[in-house]
Amino acid sequence: MTLYLSADGVEQVMFFLEDQHIPFQVHERRTRLGNKKQEYFPLLRFYVDDVEVELMVFPHDDRFASAPISPITGKAMKRADRKKVAALLNVI
């Protein structure tokens with residue numbers, strides 16, 4: 001499962017995971033946002049039970065307001081708003 005999020009810096013997310021005692025690995029993944037060329041972004045990988053979770057961290061910046069482009073469809077990936085994310089978290 002890959003989750004896309006924005007933060008002022010990947011360090012914020014890393015510190016949070018460390019504070020929660022969640023071991024993770026740091027990687028990079030290349031992706032394209034909107035009409036921009038492909039760029040590398042930080043990817044944090046960890047496991048919850050036996051499920052691999054990837055957090056792809058984008059800068060919290062208006063330049064990155066568009067959704068990542070799917071390498072399969074070539075269209076912007078669907079995103080969940082805060083209400084949808086909150087509802088998903090309440091299920092867990």
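These numbers come from a predicted model, not from an experiment. Below, each value reflects all heavy atoms present in this structure, side chains not excepted, and no hydrogens, waters or symmetry copies.
Sorted by first then second residue, the salt bridge (charged side-chain N to carboxylate O under 4.0 Å, His left out) pairs that include residues 44-59, not counting sequence neighbours, are Arg29-Glu54, Arg45-Glu52, Arg45-Glu54.
For the pair Pro59 and Ser6, the tightest heavy-atom approach, listed with the atom from each and the gap, is O-CB, 3.9 Å.
Note on Val13 and Met1: same hydrophobic cluster, where clusters join Ile, Leu, Val, Met, Phe, Trp and Tyr whose side-chain heavy atoms are under 4.5 Å apart, directly or indirectly. Side-chain heavy atoms closer than 4.5 Å link hydrophobic residues (I, L, V, M, F, W, Y) into clusters, and following such links, possibly through other members, connects Phe24 to Val48. Under the 4.5 Å side-chain contact rule for hydrophobic residues, Leu43 and Tyr47 do not share a cluster.
The shortest distance between side-chain heavy atoms of Phe46 and Leu55 falls below 4.5 Å. With a 4.5 Å cut-off on side-chain heavy atoms, Leu44 and Val26 count as touching.
With sequence neighbours left out, the side-chain hydrogen bond (donor to acceptor under 3.5 Å, both in side chains) criterion links Glu28 to no other residue. In terms of the side chain to side chain contact (heavy atoms under 4.5 Å, CB included) criterion, residue partners of Lys83 (sequence neighbours excluded) are, by chain and number, Asp81.
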Worksheet item: Given Tyr4 and Thr31, is the side chain to side chain contact (heavy atoms under 4.5 Å, CB included) satisfied, shown in steps?
Response: CA-CA 11 Å; Tyr4 300 92; Thr31 193; 5.6 Å; no
Using atom types as modelled, flag every donor-acceptor pair under 3.5 Å from a side chain in residues 14-22 to any protein atom, sequence neighbours excluded.
none

